[in-house]
Amino acid sequence: MVTDDYTKELARRLCPHGRTSDKDHVTLTLTPSLSDAAALAADRFARNCRALGISLPMPALDFCLGRDGSATAKRDGRFLAGCSVPRRAAEVMVRKESWKGRSLCLLVPTHAQQIAVVLDRLGPTRALIVVPSSPADLADFLACIDFTAALDAGRLFFAEDEAAVDRVFAAHPGLPVPAQMVRLPDVDTAEVARVTPWVQATLSRLTIDQGRRVSAAKPSATPAGWCVLAGRQFRPWADAGDTLAAACDQSETIDTDRATTASEAFLAERAAAAAVVVTADRPRPKWATSASPWITWLTKSTVPPFNAAYPRDALLLTDGSWMAAARNAGWPANRLAVAGWPALALTHTPGAPLALIYDLPSLAVPEDIAESSGRQLVWEAIQDELPRDPFAVGEDAAKYIRRAPARLGLEAMEDFPVDRYIESLVGPAYVIGIAKWLAAQGVAFTIHGRGWEKETALADRLRGPLASREAFSDVVAASGGLIDPFLPAAHPLRSTTAPRVATFGSTPQRILQDIKTIDRLPIAPPTSPLSRTIIESLVR
């Protein structure tokens with residue numbers, strides 16, 4: 001288990017080509033010598049400079065670890081930024097921050113660990129533009145942390161002046177302009193005051209430029225080819241973008257999860273030049289003015305309204321039961337088709353513990369729900385009940401929610417967002433409840449996914465998040481089958497070839513019996529799976 005920046009880098013050197021896993025990890029408890037730390041820093045610095053295409057003098061620092069185990073350095077005997085716990089301090093600084101937009105601008109940070117923490121908080125689909133106070137500060141940053149992965153992925157940029165910002169956007173025309181400038185608490189206020197005017201003016205100018213590009217993205221006189229807009233970031237059981245891209249093989253695919261290909265201006269230009277636009281869960285936006293058909297593969301139950309101004313648009317539904325809702329939303333029958341999740345071939349290990357794979361979202365009351373005391377009471381009641389008693393939901397989640405106000409002695413509420421409660425609250429709370437119930441029954445299973453840290457009663461079963469499709473396949477292959485606690489009828493788990501035990505709508509006795517006989521349970525092949533042929537049938 002790697003516990004600090006130094007040992008992480010040493011582990012990378014020991015295993016430069018292989019993937020590590022929980023079952024074959026190496027524990028390093030080394031204290032680097034000053035010469036080792038200096039050598040590692042020089043290596044980091046050189047790789048960062050190559051990735052940036054710049055040349056800077058190596059800073060004269062004494063490289064070491066902070067008291068929190070993070071990489072740092074001393075200058076004249078003092079820790080950089082005057083902090084011996086730079087990683088921990090940065091995490092405290094951003095703990096309550098909530099940033100909007102696909103990109104962010106960080107003004108004059110004082111330590112490389114601050115940049116790393118902000119990048120982590122932004123996640124893999126958003127970008128960070130850092131405005132360093134000086135070239136010397138930039139050199140310090142590049143010597144303390146290896147940023148090459150973020151630089152290569154188009155998630156991190158450094159720009160010391162207006163010309164440098166312009167160069168970033170000239171090289172990456174698909175990068176959204178930052179919607180926010182962020183300063184952390186320990187920055188020099190004079191430095192912030194110095195850079196803020198030119199940064200603000202530059203970002204405002206670039207925002208106007210991108211707006212003009214959107215307006216100028218007129219339909220091509222000779223549209224050609226398919227343009228597939230699909231997020232390629234892996235998400236367990238929500239890998240719609242990659243699935244769609246595979247079905248549209250040999251078409252241009254724009255990865256909308258990559259920040260450098262995510263701006264409205266860039267997407268509008270590409271869509272305007274295409275004969276057909278195919279997307280996953282992305283109905284036609286306002287900026288898409290081309291008459292070319294916009295075909296959306298819908299994997300969620302919220303059906304967008306039909307726009308008669310674009311009669312060639314179409315919907316592909318993963319669940320045939322959504323057809324009535326689509327017709328009610330104005331969609332003509334000839335612009336609809338069922339296209340379920342394609343078969344996902346996965347192996348398993350009979351007799352091994354089962355696997356529950358799920359990224360658990362926060363169940364905190366959303367701000368807009370909290371604006372209505374009645375809706376908040378319903379949310380909190382369900383949030384409390386289902387983790388304790390998942391079978392209280394019954395066999396119809398919508399009916400369970402509609403009855404909730406009356407059970408609490410509340411009057412009926414108009415326009416109650418039933419679908420949102422199912423997706424954002426009932427579904428996740430039910431999964432937690434089923435996991436706790438299975439654990440109480442002594443069922444052997446492991447849990448894989450994000451967001452489970454607060455469920456301390458299940459701590460011995462938690463195995464952490466799955467970051468890749470390879471890791472996902474490995475977990476299933478090592479399991480005795482899958483636990484299926486999901487509410488949607490067209491959940492992608494049901495298109496896998498691995499055996500599964502469904503819990504929703506079943507009885508406790510039946511669930512336990514199915515677990516005992518999991519390898520004898522029938523596995524039905526998917527019906528009407530997504531394919532290029534189905535998509536082509538709607539291209540008219």
Side-chain angles (χ1 to χ4, degrees), residues 5 8 51 70 87-88 90-107 109 111-130 141 145-158 168 172 174-184 229-243 245 253-264 266-267 279-282 299-300 357-364 366-367 423-424 428 448-454 462-472:
D5 291 345
K8 285 179 182 177
S70 63
R87 177 82 187 191
R88 190 180 306 165
E91 289 170 345
V92 171
M93 290 178 193
V94 305
R95 183 176 297 164
K96 296 182 179 180
E97 294 290 342
S98 178
W99 302 307
K100 298 179 180 179
R102 291 295 300 273
S103 63
L104 189 74
C105 184
L106 180 63
L107 302 180
H111 200 288
Q113 295 292 345
Q114 295 173 355
I115 300 170
V117 167
V118 173
L119 273 172
D120 287 348
R121 283 290 302 274
L122 288 175
T125 65
R126 298 201 280 175
L128 178 65
I129 299 176
V130 177
F141 300 157
I145 288 185
D146 181 0
F147 289 118
T148 54
L151 292 168
D152 293 344
R155 295 188 54 232
L156 176 63
F157 304 91
F158 293 95
V168 167
H172 303 281
L175 180 67
V177 178
Q180 287 181 267
M181 295 185 299
V182 173
R183 50 173 288 182
L184 297 180
L229 307 182
R232 307 297 294 273
Q233 182 70 31
F234 172 69
R235 300 172 179 86
W237 303 130
D239 212 8
D242 205 63
T243 303
T253 299
I254 297 173
D255 185 358
T256 55
D257 279 341
R258 187 178 175 89
T260 51
T261 54
S263 73
E264 286 189 359
F266 180 79
L267 298 179
T279 72
D281 294 312
R282 192 182 189 120
T299 68
K300 299 178 181 178
I357 300 174
Y358 184 61
D359 280 347
L360 183 64
S362 170
L363 298 187
E367 291 183 8
E423 182 176 343
S424 302
H448 306 263
R450 303 180 188 278
W452 288 88
E453 296 80 10
K454 293 182 180 179
L462 305 184
R463 299 296 183 268
L466 297 178
S468 68
R469 295 174 182 89
E470 294 76 14
F472 175 85

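- The pair R87-E91 counts as a salt bridge, with a side-chain nitrogen and a carboxylate oxygen less than 4.0 angstrom apart.
- A donor-acceptor distance shorter than 3.5 angstrom exists from the side chain of R102 to the backbone of T125, with no hydrogens or angles considered.
- Atom CG of residue L156 and atom OG1 of residue T148 lie 10.5 Å apart, to the nearest 0.5 angstrom.
- In plain terms, the two heavy atoms of G241 and A230 that are nearest each other are O-CB, 3.3 Å.
- Under the 3.5 Å distance criterion, the side-chain polar atoms of R258 are left unmatched by any main-chain donor or acceptor of Q233.
- The line from CG of L122 to OG of S103 is 9.0 Å long, rounded to the nearest 0.5 Å.
- Considering every non-hydrogen atom in both G154 and A127, the closest pair reads O-CB, 3.9 Å.
- F157 pairs by the ring pair (Phe, Tyr, Trp, His ring centres under 6.0 Å) definition with H172, not counting sequence neighbours.
- Atom CE of M93 is separated from atom CG of L184 by 6.0 Å, given to the nearest 0.5 angstrom.
- The closest side-chain heavy-atom distance from V118 to V182 is not below 4.5 Å.
- Taking 4.5 Å as the limit, some side-chain heavy atom of L267 sits within range of a side-chain heavy atom of R282.
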* Derivation of the side-chain contact (heavy atoms from CB on, under 4.5 Å) call for R155 and L128 -> CA-CA 6 Å; R155 295 188 54 232; L128 178 65; over 6 Å; no
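- A side-chain donor-acceptor contact under 3.5 Å links T299 and D281.
- Nearest heavy-atom pair across S468 and A471 is OG-N, 3.0 Å.
- Proximity of a side-chain donor or acceptor of W99 to a complementary backbone N or O of A179 within less than 3.5 Å is not detected.
- Rounded to the nearest 0.5 Å, atoms CZ (F234) and CG (D242) are 9.5 Å apart.
- What you find for D359 and P236 is that their closest heavy atoms are OD2-CD, 3.3 Å.
- For the pair R121 (side chain) and V94 (backbone), a donor-acceptor distance under 3.5 Å is present.
- The shortest non-hydrogen separation linking A90 to Q113 is CB-O, 4.0 Å.
- For the pair R469 (side chain) and D239 (backbone), a donor-acceptor distance under 3.5 Å is absent.
- Although no hydrogens or angles enter the test, the distance criterion places no donor-acceptor pair under 3.5 Å between the side chain of R126 and the main chain of L104.
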* **Worked check of side-chain contact (heavy atoms from CB on, under 4.5 Å) between I129 and L175** => CA-CA 11 Å; I129 299 176; L175 180 67; 4.2 Å; yes
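- Not counting sequence neighbours, R450 has no partner by the salt bridge (Lys or Arg N to Asp or Glu O under 4.0 Å) test.
- Taking every heavy atom of both residues into account, T261 and I254 meet most closely at O-CG2, 3.7 Å.
- T256 OG1 to L229 CG: the interatomic distance, rounded to the nearest 0.5 Å, is 6.5 Å.
- Taking 4.5 Å as the limit, some side-chain heavy atom of Y358 sits within range of a side-chain heavy atom of P428.
- Between the CZ atom in F158 and the CZ atom in F141 there is a gap of 7.5 Å [rounded to 0.5 Å].
- A 4.5 Å side-chain heavy-atom check between I357 and F472 finds at least one atom pair inside the cut-off.
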